[in-house]
S.K.: 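Shown below is the structure under consideration.
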Amino acid sequence: MPVGGLRILVPSPERLGAHAADRVYMAGYDQVPWPCRVRWCGTELVIERDVSDSGKVYIPWSVNGHGELTLCTATLMVRKRPYHAVVELARGKLNQVRNQAAAWAAEGLAIPPEFEQRLQRAQAHFSQAATRQDDPAAAAVHAEQAIVEALAAGETLVAAFAKQSLALRIRHWGRLPLLLSVRLPAQPLSQEMQSLAASCSRAANVALVWRDVEQREGGYQWDVFDSQVQWCAAAGLRLHAGPLIQLDELGVPDWLWLWEGDFDNLSCCVIDYVETAVNRYRGKVDLWHVAARVNAPHGLALSEEDCLRLTARAVDAAHRTDPHTPVVVRFDQPWAEYMGRSGHELSPLHFADALVRAGISLGGIGLELNLGYYPCGSSLRDRLELNRLIDLWSLLGLPLHVFLTVPADESPDPHARRKCQPLPATRPGWNAQTQAEWAQELYELLLAKSYVQSITWNQLTDAGPHELPHAGLIDPTGKPRPALDVLARLNQELPS
């Protein structure tokens, strides 16, 4: 076994999520995944690395009453003896819950009694699991119950934080300095769709994606976007435009592949489009999303250094053309699960940090959280993990703009353009109601985070071609889903 090898005993392999060996990864204290190779050996997962540092193992695990969640162990050191997967996941979740409770209590959070009761039950079950590892099946039973109780305790803790922190923000500001937004499709909007979009947002994201605007080199098609910009102004909605440059198969025009491998000419094409789009809508846009998904794997033959240079040049072009409007760069899959297999050396956070350290003038950072999708989305995590992610990215000292979706169905979606599928069912299964429940819970936490400046639902409708399977607030027949009602209510309740 390599110097950094670990063995993880899995008593019930059926509890692992789909494509488990491809989705398990290991990360250090900075939460950046290490390159590793994961394989099955009987009922053990063998994780092979070229380093011997201790770290946490992240595993997609089916939890009773919750469905599949990506959980992490406590810090594991290299040893010959195998670790018990469920016991270590229980240890990791308990450790996270207790540490977060201590941190928030030190900041003045009133911890509800229910939290302490659930934490005690979780600790009792974990004690039984940790001391009975000579019987893996019995240890797994108690460890599973410890995870369930720890997750319940964590949710109680997050709910208390969200309620108390949001109330504090409103008392301090009088109005909340945060916008709810929705991403508009690259197609004409009916009056009904306009009305639904306006009901759940105070801003709209007009996605001037290069591929949609300049399908033929030099042949710009602005009509749909002109009408959307005009509608936003008439409806009194703030206008967020972009991403102008999106380095994946849905963002790059087909003709650009002629310049693959020629960075200078490709860069000139990028700058020309950014300048053209920004100049056209200058004075009408409140926030430019200049680049997106520049960190994640894509088809263009660009090194990570090239992606950094290209992003910097695009941001500079936007600033030169419109020096008074803030510019945002957006990052996909911010947990960076793909790094364990892709060979990438820069995590999304390190990519963003490199831009900031280079003096690139950014008005904020965008985080794209397409939760519950594989392989081009992010695995589901509980709200404590989301809280930890937001806190980590807040260290950059820039406002955060969160783009969010979760699926409303598990069936094939023939009109989805992005090559991914919803991950295994959560709770009773992916449906319109579970989508609404996730939206409610995620928005409640994000609204309470002081660094979050906007929250955008990343897909308005599933009618017509769209990016993600079943992610829209409006179903293929044009009927609003319950998640839209959740967002409309939150939008109405926010102080203005």
Side-chain angles (χ1 to χ4, degrees), residues 1-63 67-93 95-96 133 136 139-140 143-144 147 295-297 332-348 350 371-382 385 389 419-424:
M1 183 178 291
V3 65
L6 286 176
R7 295 161 56 204
I8 310 291
L9 174 65
V10 185
S12 304
E14 71 277 2
R15 303 299 295 275
L16 282 172
H19 313 284
D22 293 329
R23 296 168 56 207
V24 170
Y25 66 93
M26 195 169 180
Y29 180 77
D30 59 1
Q31 303 178 41
V32 177
W34 288 315
C36 59
R37 299 165 296 281
V38 181
R39 58 182 175 84
W40 281 104
C41 182
T43 59
E44 292 182 1
L45 277 173
V46 179
I47 303 173
E48 299 172 337
R49 301 172 295 146
D50 296 325
V51 296
S52 59
D53 302 42
S54 299
K56 298 179 180 181
V57 179
Y58 292 74
I59 301 176
W61 191 259
S62 180
V63 182
E68 183 196 293
L69 294 172
T70 292
L71 305 174
C72 74
T73 67
T75 302
L76 305 181
M77 65 179 183
V78 174
R79 71 181 193 189
K80 292 182 179 180
R81 188 170 76 256
Y83 288 97
H84 190 297
V86 198
V87 172
E88 298 308 325
L89 290 176
R91 192 194 309 272
K93 179 50 64 179
N95 184 54
Q96 184 188 50
Q133 294 187 61
E144 289 277 5
I147 291 172
N295 62 293
D332 192 20
Q333 303 179 62
W335 279 288
E337 301 103 317
Y338 59 87
M339 288 187 67
R341 309 291 184 274
S342 67
H344 279 59
E345 296 182 1
L346 276 180
S347 73
H350 290 157
L371 298 173
Y373 290 98
Y374 180 80
C376 57
S378 296
S379 299
L380 280 171
R381 291 160 168 84
D382 68 334
E385 282 288 352
L389 179 80
K419 297 176 182 177
C420 60
Q421 291 296 323
L423 285 165

S.K.: Should L9 and T43 be marked as a side chain to side chain contact (heavy atoms under 4.5 Å, CB included) after you check the CA-CA gap, both sets of side-chain angles, and the distance that decides it?
M.R.: CA-CA 6 Å; L9 174 65; T43 59; 3.6 Å; yes
S.K.: Hey, are the side chains of S379 and L423 touching, using non-hydrogen atoms and a 4.5 Å cut-off?
M.R.: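 Result yes, sub-4.5 Å side-chain heavy-atom pair found.
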S.K.: Are a donor atom and an acceptor atom from the side chains of N295 and Y338 found within less than 3.5 Å of each other?
M.R.: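 Checked: N295/Y338 side chains pair up, N/O donor to acceptor below 3.5 Å.
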S.K.: So which atom in A139 and which in V87 form the shortest heavy-atom distance, rounded to 0.1 Å?
M.R.: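 Residues A139 and V87, closest heavy atoms: CB-CG2, 4.1 Å.
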S.K.: Can you tell me how far apart CD (E44) and CZ (R39) are? Round to the nearest 0.5 Å.
M.R.: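 Those atoms lie 9.5 Å apart.
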S.K.: Could you tell me whether R381 and E337 make a salt bridge, using a distance below 4.0 angstrom between a side-chain N and a carboxylate O?
M.R.: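 E337 and R381: salt-bridged.
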S.K.: With rounding to the nearest 0.5 Å, note down the distance linking NZ in K56 to CD1 in I59.
M.R.: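 Between atom NZ of K56 and atom CD1 of I59 there are 13.5 Å.
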S.K.: Side chains of L45 and L16: does their closest heavy-atom pair fall under 4.5 Å?
M.R.: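 Of all side-chain heavy-atom pairs linking L16 with L45, at least one is under 4.5 Å.
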S.K.: Quick one: are W335 and T70 in side-chain contact, heavy atoms under 4.5 Å?
M.R.: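 The answer is no; the side chains never approach within 4.5 Å.
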S.K.: What heavy-atom pair brings G5 and V78 nearest, and what distance separates the two atoms?
M.R.: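 The answer is O-CG1, 3.6 Å.
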S.K.: Only one of V63, T73, I8, V57 forms a side-chain contact (heavy atoms from CB on, under 4.5 Å) with L89, so which one is it?
M.R.: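 Among V63, T73, I8, V57, the one meeting side-chain contact (heavy atoms from CB on, under 4.5 Å) with L89 is T73.
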S.K.: Determine the minimum heavy-atom distance between P136 and P11, stating which atoms define it.
M.R.: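 Smallest heavy-atom distance, with atoms named: O-CG, 4.2 Å.
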S.K.: Do you know the tightest heavy-atom contact between M339 and P348?
M.R.: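 It is SD-CD, 4.5 Å.
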S.K.: Looking only at non-hydrogen atoms, find the nearest pair between Y83 and M77 and report the distance.
M.R.: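 Heavy atoms of Y83 and M77 come nearest at OH-O, 2.7 Å.
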S.K.: Search all heavy atoms of C41 against all heavy atoms of V46 and return the closest pair with its distance.
M.R.: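 Answer, listing the atom of C41 first, then V46: CB-CG2, 3.8 Å.
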S.K.: Atom CG in L76, atom OG in S54: separation rounded to 0.5 Å?
M.R.: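 Result: 8.0 Å between the selected atoms.
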S.K.: How far does OH of Y29 sit from OG1 of T75, to the nearest 0.5 angstrom?
M.R.: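 Those atoms lie 9.5 Å apart.
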S.K.: Are V10 and W61 close enough that some pair of their side-chain heavy atoms sits under 4.5 Å apart?
M.R.: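 Result yes, sub-4.5 Å side-chain heavy-atom pair found.
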S.K.: Would a distance-only check, ignoring hydrogens and angles, find a side-chain to backbone donor-acceptor pair under 3.5 Å from R7 to K80?
M.R.: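 Checked: pair present.
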S.K.: So do C72 and E385 actually touch side chain to side chain, heavy atoms under 4.5 Å?
M.R.: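 SC-SC contact between E385 and C72 confirmed.
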S.K.: Given side chains that start at C-beta, do those of Y373 and S378 come closer than 4.5 Å, heavy atoms only?
M.R.: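 No, their side chains stay 4.5 Å or more apart.
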S.K.: Quick one: are E345 and H350 in side-chain contact, heavy atoms under 4.5 Å?
M.R.: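 They are not in side-chain contact.
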